[in-house]
Amino acid sequence: MVKLVPLKMVTIIALDALQHKLIADIKNCGSKGYTVAEVEGEGIHSKHFTDWEGRNVRIETLVTEEIADKIMQTISEKYFDRYSIVAFVSTVEVLRKEKFA
Amino acid sequence: MVKLVPLKMVTIIALDALQHKLIADIKNCGSKGYTVAEVEGEGIHSKHFTDWEGRNVRIETLVTEEIADKIMQTISEKYFDRYSIVAFVSTVEVLRKEKFA
Amino acid sequence: MVKLVPLKMVTIIALDALQHKLIADIKNCGSKGYTVAEVEGEGIHSKHFTDWEGRNVRIETLVTEEIADKIMQTISEKYFDRYSIVAFVSTVEVLRKEKFA
Amino acid sequence: MLNITQSIGGSLSSPMVLAFLLGIIATLIKSDLKFPEGMYLGLTIFLLFAIGLKGGHKLSHASISEFILPGISAIAVCIIIPIANFFLLTKLLGFSTVNAAAISAHVGSVSVVTFSQVSIMLEKSGIQYEGFMPAILAIMEVPAILVALFLAQNSLQVNKEERRDLLHELFTNKGIVLLIGGIIIGMLTGDDGYKQVEPLYDGMFKGILCLFLLEVGLVTGRRLFDLTKVGPKLLIYGITMPIVHAVIGIILAHVSGLSEGGAIVFATLCASASYIAAPAAVRIALPDANPTYYLTAALVIIFPFNLTIGISIYMKLAHLIYSVW
Amino acid sequence: MLNITQSIGGSLSSPMVLAFLLGIIATLIKSDLKFPEGMYLGLTIFLLFAIGLKGGHKLSHASISEFILPGISAIAVCIIIPIANFFLLTKLLGFSTVNAAAISAHVGSVSVVTFSQVSIMLEKSGIQYEGFMPAILAIMEVPAILVALFLAQNSLQVNKEERRDLLHELFTNKGIVLLIGGIIIGMLTGDDGYKQVEPLYDGMFKGILCLFLLEVGLVTGRRLFDLTKVGPKLLIYGITMPIVHAVIGIILAHVSGLSEGGAIVFATLCASASYIAAPAAVRIALPDANPTYYLTAALVIIFPFNLTIGISIYMKLAHLIYSVW
Amino acid sequence: MLNITQSIGGSLSSPMVLAFLLGIIATLIKSDLKFPEGMYLGLTIFLLFAIGLKGGHKLSHASISEFILPGISAIAVCIIIPIANFFLLTKLLGFSTVNAAAISAHVGSVSVVTFSQVSIMLEKSGIQYEGFMPAILAIMEVPAILVALFLAQNSLQVNKEERRDLLHELFTNKGIVLLIGGIIIGMLTGDDGYKQVEPLYDGMFKGILCLFLLEVGLVTGRRLFDLTKVGPKLLIYGITMPIVHAVIGIILAHVSGLSEGGAIVFATLCASASYIAAPAAVRIALPDANPTYYLTAALVIIFPFNLTIGISIYMKLAHLIYSVW
Ligand SMILES: Nc1ncnc2c1ncn2[C@@H]1O[C@H](COP(=O)(O)O)[C@@H](O)[C@H]1O
Ligand SMILES: Nc1ncnc2c1ncn2[C@@H]1O[C@H](COP(=O)(O)O)[C@@H](O)[C@H]1O
Ligand SMILES: Nc1ncnc2c1ncn2[C@@H]1O[C@H](COP(=O)(O)O)[C@@H](O)[C@H]1O
Ligand code: NA
Ligand code: NA
Ligand code: NA
């Protein structure tokens with residue numbers, strides 16, 4: 001039987017211009033990998049549907065709870081007050097925890 | 001330390017032609033933001049891989065449990081019987097709950 | 001009132017060249033539908049940001065816990081040792097469980 | 001007389017038809033050839049806008065009075081064809097109301113690519129046709145879809161407000177906007193303005209159409225096996241109907257005073273099936289309709305038939321009718 | 001003298017202007033017409049590179065010594081305009097520091113599409129202009145943005161390290177790289193090399209610009225209702241300022257020894273507002289600035305004004321000034 | 001004799017080479033210039049199909065009998081080169097089996113863009129070559145990859161069923177389908193059909209190739225620092241091998257009765273490394289191979305070497321050999 005163990009998924013939705021900075025941040029916090037998708041969206045601050053408005057990216061990284069906290073802390077301090085950004089943590093289950101820890 | 005509080009993420013996968021109607025619905029239910037990605041897919045009813053078949057969108061909105069229920073209720077009544085649509089709710093944790101409530 | 005019941009979401013991130021094989025596998029395990037998004041990413045093995053490096057896909061399928069286990073088992077055996085692939089299971093809530101079971 | 005082998009042979013010297021076949025073959029041998037997302041849409045926008053522009057420019061040199069009768073004929077045929085097909089499909093061929101309506105919407109509307117192909121073939125044969133034909137194409141995009149949805153009234157899964165939305169969507173769909181917008185721009189800009197953009201919209205048109213048809217072939221190929229699912233009756237229907245529609249078209253064209261070239265174009269439009277406005281409308285208004293039927297009919301049967309044999313037949317039929325009448 | 005109706009009429013025979021209007025109308029009637037993601041970026045890359053290439057090729061046949069004075073004027077005007085606008089916007093029009101800086105960054109920088117349109121109009125009118133104008137365009141892309149951000153210093157939401165990043169981003173943004181890269185390639189390849197790629201970069205330029213303007217129209221249309229939000233003062237500002245900038249431009253051009261054609265291009269550059277470098281920089285450096293103000297000013301007011309009436313006015317103003325001075 | 005400075009200088013007047021350099025520079029200065037997703041694929045489809053079409057059209061005017069010997073030589077060279085390279089890389093250069101096989105697959109196969117560049121350079125120099133060379137290009141796409149995978153047999157991470165899939169994927173990859181499909185279409189359509197699409201596929205070819213090379217430059221630039229990781233031996237290998245392969249190519253070409261122009265093209269094909277079929281196949285069949293080695297060899301070393309200096313060297317070598325032999 002497969003044995004699934006819990007892990008955290010941090011998802012960040014932000015302006016695509018912030019992509020490289022955010023990736024550097026999550027790597028600094030200890031993340032070993034991430035996945036990026038191009039998305040559009042609308043929030044409190046602004047619309048992001050055309051190239052004039054700037055599009056969004058959705059960055060996902062699978063990490064341990066400790067790193068997840070660190071990422072949330074870092075990006076909340078660096079970006080939350082100033083940029084259109086949304087971040088959340090969810091719990092998922094994986095097979096090989098070593099890969100992400 | 002960061003203090004994460006639970007919130008609900010509603011994800012809707014549907015024909016891209018329904019995008020504007022669905023967004024109007026989730027706004028009506030009280031959602032303050034959403035993120036849209038272009039996806040392809042196959043389900044019980046149909047394939048959505050070419051422009052002839054119509055592509056899908058994946059709409060995500062981060063909301064309180066109450067609003068999540070309202071969204072699920074609304075779209076299940078309006079679309080479930082008639083359209084190819086998949087919707088589900090998951091629990092995530094965020095830092096600034098005020099932003100989404 | 002809507003009555004939400006729990007279900008499993010299996011998410012697989014892998015080289016796009018594996019898409020057809022992975023879809024065949026999850027269908028074999030009993031999945032009735034799936035959604036595919038084009039993504040980019042970086043992990044332990046490699047970068048996937050250009051067409052030379054090969055891009056990634058993100059495949060999501062909503063299934064019962066039993067099928068989810070089967071999918072995780074199958075793909076861990078067939079791909080984990082050999083390919084750049086990430087897979088995880090999360091818990092979501094849906095309205096019409098019959099559709100996915 | 002109607003030498004079909006020769007027609008097929010002739011069409012096999014058209015790079016567009018060959019590109020379409022290449023697309024089908026690529027899918028059949030399971031090649032990884034796939035167009036990037038967005039390319040289909042980008043090419044469609046180009047083709048619709050280019051057809052509009054060229055048509056508008058020709059129209060600015062034409063007398064509009066000749067346009068009235070053909071315009072009326074176009075609307076008439078878009079009402080008759082879906083009604084006739086709907087009853088044929090429900091009563092004789094045993095399709096459900098909703099599937100019959102969906103198929104009727106497709107065969108009643110028109111195909112932009114088939115239009116392009118017939119105009120290229122006429123150009124090659126040195127046959128002239130009226131400059132306002134792109135306007136006729138634009139006229140014929142929507143009405144049949146409306147008629148078909150009206151026939152499916154009871155099965156129509158929309159409430160009052162949604163019906164209004166649907167009507168609105170039909171009349172503002174990108175096909176209409178680009179065609180009519182292009183026509184108006186083509187008319188207003190005059191020769192000087194047109195000359196500025198001609199190298200792209202005229203010079204590149206056939207090359208880009210060729211690329212587009214390669215992609216259409218890829219999609220058609222993927223749906224080719226649906227042919228086995230739909231049974232022989234849809235196949236026979238899909239090969240017979242275009243010819244019947246074409247004959248009706250030629251007769252109406254003659255009555256409306258169109259030239260032989262114009263009649264060939266008009267007949268081809270009648271015989272063609274939609275693939276821009278109709279599928280989009282049917283997906284929303286008749287979600288219960290089975291795409292296996294309507295997409296297979298429009299894309300897998302009627303479109304290739306017209307492309308390879310149909311148009312040649314209509315050219316000969318028009319010649320026949322115009323020489324005896 | 002300045003016959004505005006005639007100007008508008010004239011611009012309505014330009015397929016580019018008409019395509020822009022079609023885009024706006026398509027949005028207003030809520031059409032589903034939408035360009036695929038990536039197409040905007042693809043077309044932008046083409047236009048910037050093509051302008052660079054063509055300019056570089058012309059430049060290789062020009063004497064560079066004439067370039068020095070206009071080059072200095074270009075930088076001067078890019079310092080004066082944002083400063084003047086910033087104070088006007090804060091002191092007289094009551095905008096916040098950050099919004100005033102954002103708007104100043106946009107109006108101080110330049111629009112590539114407006115540049116293309118003025119060069120097409122001059123070509124049509126048979127008026128010559130200096131071959132190095134694309135280099136002037138490249139020079140004018142960045143400085144005004146820097147000046148505007150400097151003025152917003154205190155509101156600037158970046159620390160030291162980020163400031164360095166920002167400067168770097170400004171000088172390496174795709175607009176600069178493609179324009180200057182294109183210019184250098186155009187200069188180095190010589191006539192033979194240029195002839196190889198001319199059919200695409202010159203022959204297709206206007207047709208592709210037309211398609212691009214259709215898309216710009218779609219975006220503008222979506223923001224059109226923001227006009228009601230921003231109030232009349234931004235509207236009046238957005239129509240008056242370009243003319244003032246143009247006059248400054250013509251005078252500086254004259255002083256720098258540019259020809260009348262060169263003065264028209266330079267004036268149009270001064271009057272135009274950026275839409276590639278400026279919005280990207282402002283989003284990062286001034287995230288608190290309200291896009292409703294700066295995007296509306298640049299895209300919904302100034303750009304269409306220049307396209308339809310502005311350029312004609314500047315042509316006449318330049319003619320006036322050059323004939324009396 | 002082989003004046004390298006002059007060669008580099010000459011290639012710096014080619015807009016394609018310059019666009020490639022611009023792409024590298026843009027990455028090095030960390031510009032935000034990025035092509036939209038899908039554009040690379042779209043341009044690749046165009047180039048492959050266009051090469052096929054043009055080649056097919058030329059082929060329809062050529063006598064096929066001359067094709068047999070060069071065709072056999074092409075296959076022979078695609079068997080010899082990967083075997084020789086595999087042993088060189090494992091025995092002498094100390095690469096692991098799987099990495100050696102991956103690199104051999106790349107250098108044994110061919111590059112479509114390098115082919116385009118050599119044909120443009122020959123055209124410019126007024127040197128003729130056989131019309132069937134695009135068919136040779138198509139032949140040389142796959143065999144070397146098969147041979148290389150065969151050599152890695154034991155490391156090959158595929159079971160029997162997957163091996164069948166892999167073979168299938170190799171022979172139906174988009175490169176093969178578009179090249180061979182294009183060739184057949186070009187042959188079947190005849191002069192009339194070809195003329196319809198020529199303005200796009202021939203007229204725009206070099207301009208689009210230029211845009212494509214800009215993107216290839218962007219990717220190469222991102223991998224440029226991998227050069228420091230791979231060590232000097234891969235660099236030396238990547239510069240020596242193409243010349244050796246080219247000499248083998250010229251000799252085989254001479255033996256097969258190709259003209260001097262044909263020999264130059266054939267030599268360039270032998271010297272070039274694949275970037276469509278090979279990376280895709282290696283990713284699936286040899287996932288343990290390190291992309292830093294094979295992508296760096298193919299893209300960062302061999303491709304720019306051929307583009308800037310290589311082809312000029314092969315032209316001179318061919319001239320030398322053909323004048324003494
Ligand atoms: N409640 C939400 N649910 C999902 N995505 C959101 C939500 N709020 C904001 N977003 C995304 O985050 C981006 C920035 O949001 P904001 O900072 O509110 O402007 C938006 O463009 C959306 O893509
Ligand atoms: N079990 C599933 N898991 C994930 N996505 C699904 C699933 N079923 C359906 N979908 C998505 O929802 C769309 C409509 O599904 P259907 O209504 O079953 O045709 C499909 O095209 C898929 O993108
Ligand atoms: N920790 C992670 N979180 C999110 N995505 C990941 C993670 N690790 C790997 N990936 C994704 O999975 C792909 C393959 O990863 P790898 O096998 O580590 O090279 C990467 O290109 C990423 O898209
Ligand atoms: Na029809
Ligand atoms: Na300006
Ligand atoms: Na080779």
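Here the structure is a predicted model, which is why all the values come from computation and not from measurement. Side-chain atoms are counted along with the backbone in the values below, which use heavy atoms only and exclude waters and symmetry mates. Lettering of chains follows the sequences in order, A, B, ..., and the numbering in each one begins at 1.
- Contact check for E123(E) versus K206(E): side-chain heavy atoms found under the 4.5 Å cut-off.
- Of the residues considered (L188(E), I176(E), I185(E)), I185(E) shows the highest number of contacts with chain F, using heavy-atom pairs under 4.5 Å.
- Taking each heavy atom of L22(F) and G182(E) in turn, the nearest pair found is CD2-N, 4.4 Å.
- Atom OG in S125(F) sits 3.5 Å away from atom CE in M315(F) (nearest 0.5 Å).
- For an aromatic pair to be called close, the ring centres must be under 6.0 Å apart, and F46(E) with F212(E) fails this.
- Contacts between residues 28-45 of chain F and chain E, counted as heavy-atom pairs separated by less than 4.5 Å, involve I29(F), K30(F), S31(F), D32(F), L33(F), K34(F), F35(F), P36(F), M39(F).
- In this structure, the separation between CZ on F20(F) and CD on Q117(F) is 11.0 Å, given to the nearest 0.5 Å.
- If you measure heavy-atom distances from I208(F) to chain E, the contacts under 4.5 Å come from both the backbone and the side chain.
- Ring planes of F49(E) and Y201(E): perpendicular class, angle over 60° (limits at 30 and 60°).
- Two residues are said to be in side-chain contact when any heavy atoms from C-beta on lie closer than 4.5 Å; F303(E) and S272(E) fail this criterion.
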